[in-house]
J.: 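I have a structure I would like to understand better, so I am pasting it below and will then ask my questions one at a time.
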Amino acid sequence: MPSLHTAPFVSSDEIRQVFSTALSRMYKREVPQYGVLMELVADVNATALRDAPELRTRLALSQESARVDDERHGAIRLGTARELATVARMFAVLGMQPVGYYDLSAAGVPVHATAFRPVSDAALSHNPFRVFTSLLRLDLIADWALRDEAAQILARRQIFSPGALALLEIFEAQHGLTQPQASEFVEALIETFRWHERATVDASTYARLLAAHRLIADVVCFKGPHINHLTPRTFDIDAAQEEMLRRGLGAKAVIEGPPARRCPILLRQTSFTALQEKVTFDGGGLEAEVIGAHTARFGEIEQRGVALTRAGRALYDNCLAQARSGDPSIDHASRMREAFKAFPDDLDALRLRGLAFFRYTVAAPPVSDAEVSDLALDDLIASGIVHAEPLTYEDFLPVSAAGIFQSNLDGAKADAYAVSDARESFEQALGRAVLDETELYQDAEQRSIERVRRALGRRAP
Ligand code: OOG
Ligand code: NI
């Protein structure tokens, strides 16, 4: 029992909310196009809600209605195992845990990643802020000398301020932060993710790392892991993509993920290319500083659909493989539409075939016991007593992530690396295993079934 003398702690959900808002404010100041993107998404979403009464009803019924307006994800790229371990502890203060393992080496991007995000129903509906967090894989750099040099440069930097580290220790010792401590923590943590104009290396070192891989230069040459994009959520990504082009944001040509459907599944994303930013390079002691430019930061939007079961995901991966290996003389969009005909586009079919996850609620209390006795869940849904709400996909897609990375690395298509998946070393660096996203959806669905069962007494389902 908490004693009367214990200072009240701010909840992690609240700290995450404040952090996400502060980060958005900072990014808007640093990357003006992000402000344009936010306005555009707000307009598109308002139109989508006005024109689609089913969407309005669905959102009102679900636990998501409140969260969508300030829903977003960000991405950072880290250089060392120690940075990843500390970031994991920092994000734990914000109630975010590592979910999923993404190997991007197969797509020629020398990183592996996880997504830090809230996991409980309540935390997700409070604020679902996520951060796609990649760790550079120096082991994939062929040039030994360059690899050593990069490791040495990275070993010299400390991406967190002493203030942030001290508050992290206080949080871990007292299992919470008071209001003033939480505010100070958010402010200190934001500093880590801002753009630092001054590089930690001279111009020629930067050029060498850039030539090895643009991504290596982006991670190694700067003081910290600048947030490289913040992504608002839209209800209609096709409309948003058109609007991006209309307002002069050079959107990438192809929307990543599944094709447009009546019932959205997983995740669709599109981005616009990076900004050119001014960089001041170290003069190396003797020479004067050199002014240069670096491109790393960009804008992205996403539309989220229903989370898929393992069977659903296997079918998705199959359709994607089908489309990719299809006739190259046919355009990408047509190949995708054709391949995805195999994926049912109807919520009942997705549920009855066990392809997607749902959250069940009691829609209309039964009039009599007889109505629910011996009825299975599907019958209760068919008779309107129970409502099945699609569970939103909260994670990322490796193929899409690779596409997003590529589009912001000057479109340079890299070859796949020979060695790939290094999950074990990633988890070792992280200091823990990542959570399995499918199990989280499965648990959320199961919990909702148990709630329905309790609400209907011991009669069903
Ligand atoms: C991350 C790219 C992945 C997404 O939404 O799939 C990503 C990066 O470029 O650092 O953010
Ligand atoms: Ni992203």
Side-chain angles (χ1 to χ4, degrees), residues 20 23-24 27 31 33-34 37-38 41 71-79 83-84 87 91 96 98-117 128-137 159 192-193 195 213-220 222 224-234 237 240-241 244 249 251-252 254-258 266-275 277 294-305 316 320 392-414 426 437:
S20 162
L23 196 63
S24 181
Y27 203 63
V31 182
Q33 286 96 324
Y34 172 68
L37 193 66
M38 295 276 284
V41 166
E71 174 159 358
R72 62 185 72 92
H73 83 251
I76 55 171
R77 303 162 180 170
L78 303 171
E83 288 174 2
L84 181 65
V87 155
F91 284 154
M96 294 155 75
V99 180
Y101 173 75
Y102 302 87
D103 166 30
L104 297 176
S105 65
V109 183
V111 305
H112 44 184
T114 190
F116 286 94
R117 67 163 175 91
F129 180 62
R130 331 165 171 78
V131 179
F132 191 90
T133 304
S134 317
L135 176 63
L136 179 64
R137 285 184 64 185
I159 63 173
T192 297
F193 300 124
W195 171 250
H213 200 296
R214 293 190 67 83
L215 195 92
I216 299 172
D218 183 51
V219 176
V220 175
F222 298 91
H226 36 264
I227 186 106
N228 66 48
H229 65 283
L230 269 187
T231 304
R233 177 173 167 191
T234 176
I237 198 163
Q241 164 101 342
M244 273 163 75
L249 302 173
K252 70 196 274 301
V254 172
I255 294 179
E256 301 287 346
L266 299 173
L267 177 67
R268 300 182 73 211
Q269 300 175 306
T270 183
S271 61
F272 57 83
T273 36
L275 311 173
E277 275 157 307
H294 177 70
T295 47
R297 301 197 298 172
F298 58 100
E300 184 193 41
I301 48 170
E302 65 188 10
Q303 178 171 1
R304 292 188 170 267
Y316 172 81
L320 202 58
T392 297
Y393 187 62
E394 307 286 355
D395 295 285
F396 295 86
L397 295 170
V399 174
S400 302
I404 297 287
F405 264 106
Q406 297 294 5
S407 70
N408 295 290
L409 296 170
D410 272 3
K413 272 263 176 278
F426 185 83
E437 66 274 20

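Note that ligands are numbered from 1 as they come in the structure, with each ligand's atoms numbered from 1 the same way. Because only heavy atoms are used, hydrogens play no part in the values below, and waters and symmetry mates are left out as well, while side chains stay in.
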J.: List the atom of Val111, the atom of Leu136, and the distance in Å for their closest heavy-atom pair.
T.: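 In terms of heavy atoms, the two residues are closest at CG1-CA, 4.1 Å.
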J.: Can a side-chain donor-acceptor contact be found between Ser400 and Gln269 if the only test is distance below 3.5 angstrom?
T.: no
J.: Could you go through the side-chain contact (heavy atoms from CB on, under 4.5 Å) check for Asp218 and Arg77 one step at a time?
T.: CA-CA 8 Å; Asp218 183 51; Arg77 303 162 180 170; 2.8 Å; yes
J.: Counting both backbone and side chain atoms, is some N or O of Glu302 under 3.5 Å from an N or O of ligand 1?
T.: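 Between Glu302 and ligand 1, no N or O pair is found under 3.5 Å apart.
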J.: Side chain of Arg268, backbone of Pro258: donor and acceptor closer than 3.5 Å?
T.: yes
J.: Ignoring hydrogens, what is the shortest heavy-atom contact between Ile159 and Leu78? Give both atom names and the distance.
T.: CD1-CD2, 4.1 Å
J.: What heavy-atom pair brings Val41 and Pro232 nearest, and what distance separates the two atoms?
T.: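 Smallest heavy-atom distance, with atoms named: CG2-CG, 4.0 Å.
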J.: Classify the ring geometry between Phe396 and His73 as parallel (under 30°), tilted (30 to 60°) or perpendicular (over 60°).
T.: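 Answer is perpendicular, since the angle exceeds 60°.
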J.: In terms of residue, atom name and distance, what is the protein heavy atom nearest to atom 5 (O) of ligand 1?
T.: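 Result: Gln269 NE2, 2.7 Å.
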J.: Could you tell me whether Glu300 and ligand 1 have an N or O pair separated by under 3.5 Å?
T.: yes
J.: Pick from Glu300, Arg72, Arg297: which one makes a side chain to side chain donor-acceptor pair (under 3.5 Å) with His229?
T.: Glu300
J.: Check ligand 1 against His73 and write out every atom of the ligand that is under 4.0 Å from a heavy-atom position of the residue.
T.: 5 (O), 11 (O)
J.: Should the proximity of His229 to ligand 1, defined as any heavy atom under 4.0 Å, be assigned to the side chain, the backbone, both, or neither?
T.: side chain
J.: Against heavy atoms of Phe396, which atoms of ligand 1 measure under 4.0 Å?
T.: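 Those qualifying, in numeric order: 4 (C), 5 (O), 6 (O).
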J.: Could you name all protein N, O or S atoms found under 2.8 Å from the Ni ion (ligand 2)?
T.: His73 NE2, His229 NE2, Glu300 OE1
J.: Using only heavy-atom distances, determine whether the side chains of Tyr102 and Ser134 contain a donor-acceptor pair under 3.5 Å.
T.: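 Absent: no donor and acceptor within the cut-off.
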J.: Please work out, at 4.0 Å between heavy atoms, whether the side chain, the backbone, both, or neither of Asn228 comes within that distance of ligand 1.
T.: side chain
J.: Please write down residue, atom name and distance for the protein heavy atom closest to atom 10 (O) of ligand 1.
T.: Arg77 NE, 2.8 Å
J.: After noting the C-alpha distance and the side-chain angles of Val131 and Met96, does the key distance pass the side-chain contact (heavy atoms from CB on, under 4.5 Å) rule?
T.: CA-CA 9 Å; Val131 179; Met96 294 155 75; 3.8 Å; yes
